[in-house]
Participant: 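Before I ask anything, let me first share the structure, which is written out below as structure tokens.
Below, chain A is the first sequence line, B the second, and so on; all start at residue 1. Just so it is clear, the structure is predicted and the values come from calculations on it, not from any experiment.
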Protein chains: 2
Amino acid sequence: MMEKQEGYNAAVFADRIPKSLQENAVDCVILGYDEGELKVLLLKWKYEDIWSLPGGYIKITEDLDAAAYRVLQERTGLTSIFLEQFKTFGAALRQTKKYPVDYAKISRILDKIPLKNKECNLKWITKRFLTTGYFALVNLEAANPTPGFLSERCEWVSINAVPQLLMDHNVILKTALEYLKKQLNYLPIGKSLLPEKFTMQDLQKLYEVIIDQPLVRSNFQRKILKLGILDRQEKLMTGASNKAPYLYSFNTEKYDEVVKKGIGFSF
Amino acid sequence: MMEKQEGYNAAVFADRIPKSLQENAVDCVILGYDEGELKVLLLKWKYEDIWSLPGGYIKITEDLDAAAYRVLQERTGLTSIFLEQFKTFGAALRQTKKYPVDYAKISRILDKIPLKNKECNLKWITKRFLTTGYFALVNLEAANPTPGFLSERCEWVSINAVPQLLMDHNVILKTALEYLKKQLNYLPIGKSLLPEKFTMQDLQKLYEVIIDQPLVRSNFQRKILKLGILDRQEKLMTGASNKAPYLYSFNTEKYDEVVKKGIGFSF
DNA sequence: TAATATTGTATCAATATAATATAATACTAG
DNA sequence: CTAGTATTATATTATATTGATACAATATTA
């Protein structure tokens, strides 16, 4: 089962694995919205050029959802946020043929980070495991990106500039974005992506970034307003030489109601 | 962690567990449609009054999806069917407080079925694990329900007459049905649930059973026909004293196209 | 041949949608 | 102060969709 790679014997890892942890993981696609761009929170590993989605093992006494919340909280400081499971990934070759793990790199990293830390279960290096993908939409301004013990940086990266990620993380990210695109047509979004108050243009741009195509302004406004999830606030004086737009905020009560009912077509 | 229950020490199971299998499982909600009822395929266990969804462990060299297909194939003989992952379940208390496992019953069963069979991994008795829920829509007529080595019966049960199931299987079933209900509004269904040729009434009844509410006949017909996924065939002479309905069949090409595009509302 | 049940399609008002137009700003330049 | 400019909020219009109902066309039975 194990094979040598670049002179490194992966089986060495097997000894380092604490037995106390579950063999399953979660990976979080944490999306924020900033300067008209959709951004995803990524980790840059220590010492080597490895990037990955924030993830973690599920503790044996922990709910699956709780593990995802924990990862989100550890990497952003945020709690009680929109977080949704979207798919579990379990291709047999997650760590091998299809998405090769560079054992040499991992080896060099581990040589520098002794694994006395019980929180680190590196079974994924040597054995296929499942990971459940979650995605979160968060207020980028409120988040406080924090690297873990294997990573040296935790950064917002534009979804148009995502580097090659560890294992199948690029696929996980892509799947999350497609899922979000679909969700748009039967769920309101934006409550946690936008600041408290925002203009109609802000909201439209968010939608356009997600579905990756332009929308007709007047029709977008009409459709959104008809959902009844927005409260109109005062006008925003930008200093620009044009009519000042209204500010809006989400009406939490109605927003949640629409989330429950769903929008759009139904038989 | 382990506790005695009805005088039986669950830890005894731990020794019986082969190490060769992954600790994750799939459970399949296999739905069929018969006599105007939606039915789910359930297993009745040997010797004791235990019912469950068909499920199985994921082999260490097996794709997650492949494991679900295998379960479906083993229990129905069917292959290449609509089968979709809908959610992974991982509540910490899956096997304990919230959904107690009756160790006494399991014990009695295992006393009669010696576990020399390597295919049986009963770790789920002693330890929390994740299970990924899949649902399949199959042609009930074409399926050949077949029990496994732990079960004595494999039967179609009306979703209105489902007994108490093992662990959280009732929740898994409920979640699958809710998921299907939602899917209805942006995917065509019926291709694998109905026979080759069917009447408009057949299709409407199927929809009504799934969403659990009546639909207006003329409007349903108009909406469905507009999707362009049906080919009209000859008339069906039933011998009933009324106008004979047309038979329809799904146009596979257009059907798949619509599955890809989705139907209904979009921004 | 009339009665009956069910089907296929038409009708029509109400509503929704896409594309475009118009009026109302908030500021700038002169 | 006024005209110009960019942008916003909303109106308009033609077209399409929806929900509710109506009605003609069968296939059989009485």
Participant: Look at A/Glu234 together with A/Lys197 and state whether they make a salt bridge at an N to O cut-off of under 4.0 Å.
Facilitator: yes
Participant: What is the distance from CD of B/Gln204 to C1' of C/dT6, rounded to the nearest Å?
Facilitator: 12 Å
Participant: Can you check the B/Asp202 CG to C/dT6 C1' distance for me, whole Å?
Facilitator: 14 Å
Participant: Please state how far atom CG in A/Leu215 lies from atom P in C/dA18, giving the value in whole angstrom units.
Facilitator: 10 Å
Participant: Report yes or no: does A/His169 contribute a side-chain atom to a donor-acceptor pair with the main-chain N or O of A/Ser52 at less than 3.5 Å?
Facilitator: no
Participant: How many Å lie between CD1 on A/Ile263 and P on C/dA16, as a whole number?
Facilitator: 14 Å
Participant: Could you state the atom-to-atom distance from CD of B/Gln221 to C1' of C/dT6 in whole Å?
Facilitator: 12 Å
Participant: Reckon B/Gln201 has a side-chain N or O less than 4.0 Å from the OP1 or OP2 of C/dT7?
Facilitator: yes
Participant: Taking atom types as modelled and ignoring hydrogens, do the side chains of B/Asp231 and B/Ser249 form a donor-acceptor contact shorter than 3.5 angstrom?
Facilitator: no
Participant: Atom CG of A/Leu247 to atom C1' of D/dT8: distance rounded to whole Å?
Facilitator: 13 Å
Participant: Is B/Arg222 side chain donor-acceptor paired with the C/dG8 base, going by distance under 3.5 Å alone?
Facilitator: no
Participant: Is it true that A/Phe220 and A/Tyr207 have ring centroids separated by less than 6.0 Å?
Facilitator: yes
Participant: Compute both the distance and the angle, then confirm whether B/Lys87 meets the cation-pi test with B/Phe89: under 6.0 Å from the six-membered ring centre, within 45 degrees of the axis.
Facilitator: yes
Participant: Under the 6.0 Å and 45° cation-pi test, does A/Arg232 pair with A/Tyr246?
Facilitator: yes
Participant: Would you confirm whether the ring centroid of B/Phe198 sits within less than 6.0 angstrom of the ring centroid of B/Tyr33?
Facilitator: no
Participant: If each of A/Asn219 and B/Asn219 is mapped to the nucleotide of DNA chain C with the nearest heavy atom, which maps nearer the 5' terminus, i.e. the 5' end?
Facilitator: B/Asn219
Participant: Does the side chain of B/Lys223 get closer than 4.0 angstrom to OP1 or OP2 of D/dG19 through an N or O atom?
Facilitator: yes
Participant: How do B/Lys226 and B/Val216 order along DNA chain D: which one's closest nucleotide is nearer the 5' end?
Facilitator: B/Lys226
Participant: At under 4.0 Å between heavy atoms, how does the protein contact nucleotides 22-30 of chain D? Give one character per nucleotide, 5' to 3', with B, S or -.
Facilitator: ---BBBB--
Participant: Nearest whole angstrom, please: distance from the P of C/dG8 to the CG of B/Leu236.
Facilitator: 10 Å
Participant: Just how far, in rounded Å, is P of D/dA20 from CZ of B/Phe220?
Facilitator: 16 Å
